[in-house]
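Heavy atoms only: backbone and side chains are in, while hydrogens, waters and symmetry mates are out.
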Amino acid sequence: LQTATRSLFSSVHANRRTVTFREASSMMTPELAKWCEHEAVFRHWFALYVEALAKLGIHPTQRKRPRDKRLIEIIRRLDAWPLARALSRGEIIAGLHLGGRRMEQLLAAELGLTPHGYLDRRRLESARHFVVRSDVPLKQVAHELGFRHASHFTKWFRRHTGAAPSAFRQAQESGAA
C-alpha cells in the first residue's frame with residue numbers, strides 16, 4: 001500500500017516531495033489523457049487500500065437507504081435548505097403529513113441528528129470548504145453561512161474544529177493539518 005501510495009503521489013504531483021492540502025484538493029482540469037492516467041493510478045491504489053482493509057478485518061458496509069419516503073424527502077429538503085436562512089420546521093414538513101416531533105424522531109432514528117444538527121453539520125462542511133479552498137474573506141464566509149457577526153462564526157468554528165478559521169486556513173495552507 002505504501003508503494004502504491006507513493007506511485008499515486010508521484011503520478012499526480014510529478015517530482016514534488018510535498019504539497020499543501022489546498023494544492024492537493026484544488027480542482028484541476030488536465031487534458032483527457034493525463035486525467036485518465038491519474039484515474040487509473042488512483043483506482044489501482046484504491047483497490048490495494050480496500051484489500052489492505054480486508055486483511056485487517058475491516059469490511060465496508062453499504063449504507064442502507066431510509067425506508068420511509070417522508071424521511072428521504074426531509075433529507076432532500078434539508079440538503080437544499082439555504083444555510084444562511086433560519087430553519088423553518090413547517091416548511092420542511094409541508095405536505096408530508098407528519099408533525100415536527102415525528103420529523104425529529106425519524107431523523108434521530110436514522111441519522112442520530114436533529115434537523116438543526118443536520119444543518120449544523122452541513123454548515124461545518126461548507127465552512128471548512130470555504131476556509132480551506134478559497135480566499136473568500138472570513139467575514140463573507142460568516143455571512144454566507146448565516147452568522148450575523150464574524151466573531152460569532154469564529155467562536156462557532158473554534159468550538160467545532162478546535163481552531164479559529166484563520167488558524168485553520170493557515171494550517172491547511174502550510175500543510176500542517
Side-chain angles (χ1 to χ4, degrees), residues 9 12-13 18-30 35 38-39 42 46 49 60-177:
F9 185 88
V12 174
H13 301 291
T18 61
V19 293
T20 65
F21 177 80
R22 179 177 275 183
E23 292 170 320
S25 62
S26 68
M27 296 295 291
M28 57 183 220
T29 54
W35 180 84
H38 289 176
E39 194 67 20
F42 174 75
F46 193 74
Y49 176 70
T61 57
Q62 283 191 336
R63 185 169 177 215
K64 55 183 180 173
R65 292 205 22 106
R67 284 179 248 159
D68 191 323
K69 292 193 185 310
R70 297 174 302 176
L71 180 58
I72 294 169
E73 180 60 20
I74 290 168
I75 292 170
R76 188 194 67 72
R77 291 177 184 187
L78 287 171
D79 283 339
W81 195 262
L83 293 175
R85 189 169 163 220
L87 179 64
S88 167
R89 289 175 21 162
E91 287 182 54
I92 296 293
I93 61 174
L96 295 178
H97 306 294
L98 74 156
R101 180 70 184 125
R102 182 64 184 141
M103 172 185 64
E104 290 181 5
Q105 290 170 340
L106 288 171
L107 274 172
E110 186 66 31
L111 304 175
L113 294 169
T114 64
H116 288 283
Y118 188 88
L119 286 180
D120 219 27
R121 187 173 69 182
R122 275 191 54 221
R123 189 172 283 115
L124 183 58
E125 290 170 9
S126 293
R128 285 181 175 153
H129 175 79
F130 278 126
V131 168
V132 172
R133 295 191 179 117
S134 73
D135 293 324
V136 175
L138 296 177
K139 187 174 184 177
Q140 184 179 342
V141 172
H143 177 71
E144 289 183 25
L145 295 176
F147 293 90
R148 286 183 176 217
H149 304 285
S151 62
H152 296 166
F153 169 66
T154 299
K155 185 176 180 180
W156 173 86
F157 191 88
R158 183 180 287 126
R159 186 174 67 241
H160 287 287
T161 65
S166 56
F168 193 83
R169 179 177 274 173
Q170 288 171 347
Q172 297 301 321
E173 286 174 351
S174 68

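Proximity of Ile74 to Leu107: side-chain heavy atoms (C-beta onward) are separated by under 4.5 Å at one or more points. Between Leu78 and Arg122 the shortest side-chain heavy-atom distance does not fall below 4.5 Å. Inter-residue side-chain proximity for Pro115 and Leu87 is flagged as met; some heavy-atom pair is nearer than 4.5 Å. Residues Arg77 and Leu96 are in side-chain contact: their nearest non-hydrogen atoms beyond the backbone lie under 4.5 Å apart. Contact annotation: the side chain of Phe153 never approaches that of Lys139 to less than 4.5 Å [non-hydrogen atoms, C-beta and beyond]. Looking at Val136 and Val131, their side chains never come closer than 4.5 Å, going by heavy atoms from C-beta outward. Counting heavy atoms from C-beta on, the side chains of Leu71 and Leu106 come closer than 4.5 Å.
Taking CG of Leu119 as the reference point, atom CG of Leu145 lies at 11.5 Å (rounded to 0.5 Å). For the atom pair CD of Glu110 and CD1 of Ile72, the computed distance is 9.0 Å after rounding to the nearest 0.5 Å. Note: Ile92 CD1 to Ile75 CD1 = 11.5 Å, rounded to the nearest 0.5 Å. Distance check: Glu125 CD to Asp120 CG gives 11.0 Å after rounding to the nearest 0.5 Å. Between atom CZ of residue Phe157 and atom CZ of residue Phe130 there is a gap of 12.5 Å, rounded to the nearest 0.5 Å. Atom CZ of Phe168 and atom OG1 of Thr161 lie 5.5 Å apart (nearest 0.5 Å).
Among residues two or more places apart in sequence or in another chain, the ring pair (Phe, Tyr, Trp, His ring centres under 6.0 Å) test is passed with His143 by none. For the ring pair (Phe, Tyr, Trp, His ring centres under 6.0 Å) test, residues two or more places apart in sequence or in another chain that qualify with Trp156 are Phe147, His160. Residues satisfying the side chain to side chain donor-acceptor pair (under 3.5 Å) criterion with His149, sequence neighbours excluded, are absent altogether.
For residues 153-164, the set of pairs meeting the salt bridge (charged side-chain N to carboxylate O under 4.0 Å, His left out) definition, not counting sequence neighbours, is empty. Under the salt bridge (charged side-chain N to carboxylate O under 4.0 Å, His left out) criterion, no residue pair touches residues 142-151, with sequence neighbours excluded. Applying the side chain to side chain donor-acceptor pair (under 3.5 Å) definition to pairs two or more places apart or across chains, those involving residues 86-100 are Arg85-Glu91, Arg89-Glu104.
Salt-bridge formation is detected for the pair Arg76/Glu73: a Lys NZ or Arg NE/NH1/NH2 atom is positioned less than 4.0 Å from an Asp or Glu carboxylate oxygen.
Between Ala150 and Ala142 the shortest heavy-atom distance is CA-CB, 3.9 Å. Here the shortest heavy-atom pairing between Gly99 and Ile93 reads C-CD1, 3.7 Å.
Arg169 places no side-chain N or O within 3.5 Å of a backbone atom of Val132 that could act as its donor or acceptor partner.
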